[in-house]
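These notes concern the structure reproduced below.
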Amino acid sequence: MRALLDSSAVRFAAVGVVNTAIDVVLFTLLHEHLGIVLANLISTSAGMAFSFTVNGLLVFKAGRLRWRDAARFLATTGVSMWVLQPVLIHLLLALGPAPLAKLLATGITVVVNFVAYRYLVWPTRARAGV
């Protein structure tokens, strides 16, 4: 069980590095012009498209991506990225500039997303020993 978690967690972390780079770069370029909420919506949407594809196929070994996977992914990721993350960014602005608050909020939502993907989006793959 531990090797299972370590393996998928390492793959998830690697995907997350690229996903976070996409998200943070777009957010940084857009937030001064569009505001935090709209910049976050655009940057997380781009990251989500990448994340769904790569996490589904490589991390959780879905074999193929299904519409129900996409619906679950969108629901769970949407809540964490479009509701939880902007709230966290606003709370964390006290610690520094918006890009720093964004990075800290992203760290928190990474944990939320891993658990949601493993047990809500691709649950049968997780139980099958992915």
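We count residues from 1, following the sequence as given.
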Practice prompt. Output, in order, the C-alpha distance, side-chain angles, deciding distance and verdict of side chain to side chain contact (heavy atoms under 4.5 Å, CB included) for Val79 and Leu84.
Written response: CA-CA 6 Å; Val79 168; Leu84 177 60; 5.7 Å; no

Do [X] and [Y] belong to the same hydrophobic cluster, where Ile, Leu, Val, Met, Phe, Trp and Tyr are linked whenever their side-chain heavy atoms lie under 4.5 Å apart, directly or via other members?
{"X": "Leu92", "Y": "Ile89", "value": "no"}
{"X": "Ile36", "Y": "Ile42", "value": "no"}
{"X": "Leu38", "Y": "Val24", "value": "no"}
{"X": "Met48", "Y": "Leu57", "value": "yes"}
{"X": "Met81", "Y": "Val15", "value": "yes"}

Under 4.5 Å between any side-chain heavy atoms of [X] and [Y], yes or no?
{"X": "Arg66", "Y": "Arg72", "answer": "no"}
{"X": "Val121", "Y": "Thr77", "answer": "no"}
{"X": "Trp82", "Y": "Leu74", "answer": "yes"}
{"X": "Ser43", "Y": "His31", "answer": "no"}

Discussion item. Taking ring-ring contact (aromatic ring centres under 6.0 Å, His included) as the definition, give me every residue that meets it alongside Phe73, ordered by chain and number, with sequence neighbours left out.
Written reply: Phe52, Tyr117

Discussion item. Looking at Ser45 and Leu41, would you say the former's side chain and the latter's main chain have a donor-acceptor pair under 3.5 Å?
Written reply: yes

Worksheet item: Taking Arg11 for the side chain and Leu58 for the main chain, is one N or O donor matched with an acceptor at less than 3.5 Å?
Response: yes

Worksheet item: When rounded to the nearest 0.5 angstrom, what is the spacing between CG in Asn55 and CG in Asn19?
Response: 7.5 Å

Smallest separation among heavy atoms of [X] and [Y], with atom names:
{"X": "Trp122", "Y": "Leu65", "result": "CZ2-CD2, 4.5 Å"}
{"X": "Gly47", "Y": "Ile22", "result": "N-CG2, 4.1 Å"}
{"X": "Ala39", "Y": "Leu34", "result": "N-CB, 4.2 Å"}

Listing, residues 100-116 side-chain donor-acceptor contacts under 3.5 Å, not counting sequence neighbours, or none:
from, atom 1, to, atom 2, distance (Å)
Lys102, NZ, Asp23, OD1, 3.1
Lys102, NZ, Asp23, OD2, 3.1
Lys102, NZ, Asn40, OD1, 2.5
Lys102, NZ, Gln85, OE1, 2.4
Thr106, OG1, Gln85, NE2, 3.4
Thr106, OG1, Lys102, O, 2.8
Thr109, OG1, Gln85, NE2, 3.2
Thr109, OG1, Ala105, O, 3.2
Thr109, OG1, Thr106, O, 3.1
Asn113, OD1, Ser80, OG, 2.5
Asn113, ND2, Thr109, O, 3.3

Fill in: Where at least one partner belongs to residues 35-52, residue pairs that pass salt bridge (Lys or Arg N to Asp or Glu O under 4.0 Å), sequence neighbours excluded
none

Practice prompt. Mind running side chain to side chain contact (heavy atoms under 4.5 Å, CB included) on Val54 and Val59 for me, showing each step along the way?
Written response: CA-CA 7 Å; Val54 179; Val59 176; 5.5 Å; no

